[in-house]
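Note sheet for the following structure.
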Amino acid sequence: MTNKRDKNLFTALVKEHADMLLAYLRATIRDQATVDDLFQETMLVAWRRFEDYDPQRPLAQWLRGIAHKLILAHFRSLKKRPLYCEETVLQVLDERLSHICQQPGDTWKDKIAALEGCIDRLPPTLQQCIQLFYQEECKTEDIATAVNSSREAVKKRLQRARALLADCLHVKKLFPPLHAETSP
Amino acid sequence: MKNYGDSHIPPQPTPNKDVERIADSLLVDAMLKGYYQDNAETTRQRINKACQQLEASQHIPSFRWSAGLSTGLAAIIIIAFIFVLSSPQHVQADFGSVLAAFDIGDKTYQINISSDTNEPARSGRRGRRRSSQRPSFKPPRRGLSNRRLDDATLYVRDSKYVLSCRGPRGGKITKGFNGKESWQVSPWGTAKIGHDPNVLESEFPDQITSLLFLNLRDTLHQIREHYDLSGPIEGSLEDGQTHVHYYIAERIGRGKTPRQIELWVDPLTNEPQQIACSVFAFSGPRNNHYTLQIRLVSAEPLPENWFTHEVHTRPAL
C-alpha cells in the first residue's frame, strides 16, 4: 500500500476530513500546538494502517477512532486527564461529528454553515465577546478591559454564548436531538 | 506498537444531559476556533506537512549511509546558515538600523485608513468571513475619527509630530506634539494645548491609540519590544521599487494593539517607507476592522518651527 495512486487517494480523503478531525482534536485539547501534533500523528498512523481500513465504514469515523486513541495516549503521558475528557463526553462528540458529516454540503464549511446564522442571532454583547475571543484571540482580561466589565463576567458571557449557539445548532438540526429528550 | 486496527470509539452507556451539554460546549468552542481562525491556506499547510511526514516515513527504510552522511552534512550546513540569517538577533540588529535611520531628518507620511474588506495585513488565521458577508462600513460610536484620518498627513521629526486631518464638521484640524506639549488647532484657527502627549489621540480607534501611531518613533520602539520580527525579505511597493519587507507579529496579544504589522524599508537608507496593519475598533458595530497604511511621501526638511502650534494658527496656513 505504498504506491503513488494509493497515496493520492489517501491525501484526497484526508483533505476531505481534515477540518472535521481538527474540530474533534480541538474539542478535547486546549493547546493548539498539541492539536497540530496530534493531527499529524493521526495522519501518519492512518497512512500506516490504511490497509486495515474497511471501505464499507465511514472514513471520518475511522480517523476519529485513531485520534481518540492518540488523545488518550497523550493524557496518559501527561499523567492527568481533564474532567471534561471522559469517555462518555468523547462518545457524544463522536456522535455529534458523525451527524455533522451526514449534513449536505461538499466541505466541512458547507456542512456547518448553520453556525454563521446562529452567531448572527446572538445578542450583540455576546457576539462582541465571541469575536474578541475567537477572531481577535484576545485574552479574557483584555476583553474585560475593552468591554468595561470583569473577567468573570466575560467568561460567563462566553459560556452563555456557547450554550446559546449549541441550542441554536440543535434547533437547526446540525446537532442531533439530546438523548435526554429522545429517551422514554 | 499500539493496535489501531479497530479504530472506532467504543460504545458507552447513554450519556446524561450534563454530559451532552459539556460535549456541546466543547464542540461549539472547537467549531468557533475553526470558523474564525482557519482558512484554506492554514488547512493546506497542515495537509502538506502531513504529506511531507508521510514521504519522510517512507524514505527512512531506503536510507543509505554514504548518501545519508553527505546529505546530512549538507543539511546541517544549510540549516545553520539559514538559522544565522534568520535568527531573531540578526533581525533585531537589522531593525536597530531602521530605528537609527528613522531618527535622521524630517519625514512626511500619508495616512490611509479604510474599512477592512480585503484585510491585506491579516494574513493567515483570522478574518475567515468573506468580504461579501461583512456588514457595510459604519463608523464607531465615538465619532468619525476613522474617516477623518483617511488622507491625513503626518509630519514627523524624532518624537515630534504634526497631523493634519479633516475635522468632525469639515475643515482642517491640525494636531501636534512639540516634544513637550500636545496641541490642536481647530479649522477656524484657535489652538488648544495639553501637556499629555497622547491626550489628543483619544478619539482614534483603540488599537491605533494604543500603538501611539502618531509618534512613529515610539511605535517603532514598541514594535521592537513587543513584537516578533520575521524577514527581512525583498518586497515591492506600488512604486515598483524593491524594498526590504518585514512581517511583524505581536509576541503576546495585548488586546488593544494590532496583532500583525507589515513594514517596508528602503534597502539603501533603511528609512521606513510604509507601515500597514489591520486594526480593530472595540466600539461600534461588530467587524470594525480597519486597514491602516502609513506611507512615506517626502523626506524633505520641514521648517524649524513646524512642530509648534503657532505656525499652524496663522491664517495663511
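By convention in this document, chain letters (A, B, ...) are assigned in the order of the sequence lines, proteins followed by strands, and residues within each chain are numbered from 1. Note that the coordinates shown come from a computational prediction; the quantities given were computed from them, not determined experimentally. Basis for what follows: all heavy atoms, side chains included, without hydrogens, waters or symmetry-related copies.
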Which answer fits [X], side chain, backbone, both or neither, if we ask what part of it has an atom under 4.5 Å from a heavy atom of chain B?
X      : result
A:D54  : neither
A:L169 : side chain
A:L22  : side chain
A:L72  : neither
A:L158 : neither

*asked:* Using only non-hydrogen atoms and a strict under-4.5 angstrom cutoff, which residues of residues 159-166 of chain A touch chain B?
replied: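 If one takes a 4.5 Å heavy-atom cut-off, the residues of residues 159-166 of chain A near chain B are A:R162, A:L165, A:A166.
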
Notebook entry, point to check: So A:F39 and A:Y24, side-chain contact (heavy atoms from CB on, under 4.5 Å) or not? Walk me through it.
Noted result: CA-CA 10 Å; A:F39 177 82; A:Y24 183 61; over 6 Å; no

Would A:K155 and A:E152 pass as an ion pair if we require N to O under 4.0 Å?
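Salt bridge flag = yes for A:E152 with A:K155.
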
For [X] and [Y], does a side-chain donor sit closer than 3.5 Å to a side-chain acceptor?
X      : Y      : result
A:E116 : B:Y35  : yes
A:T145 : A:D142 : no
A:R64  : A:S98  : yes

Give a yes or no on this: more than 12 heavy atoms of other residues, nucleotides or ligands lie within 6.0 Å of atom NZ of A:K173.
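Check fails, neighbour count at 12 or below.
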
message: Please give me the minimum heavy-atom distance between A:R26 and B:A30, naming the atom from each residue.
response: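 Of all heavy-atom pairs spanning A:R26 and B:A30, the closest is CB-CB, 3.7 Å.
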
- Task: Report the C-alpha separation of A:H68 and A:L90 in whole Å, then their side-chain angles, then the decisive distance to 0.1 Å, and conclude whether the side-chain contact (heavy atoms from CB on, under 4.5 Å) test is met.
- Result: CA-CA 8 Å; A:H68 173 87; A:L90 294 176; 3.4 Å; yes

Top of B:V28, B:L27, B:I22, B:D24 for chain A proximity - count of heavy-atom pairs under 4.5 angstrom |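 Counting heavy-atom pairs under 4.5 Å, the top option is B:D24.
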
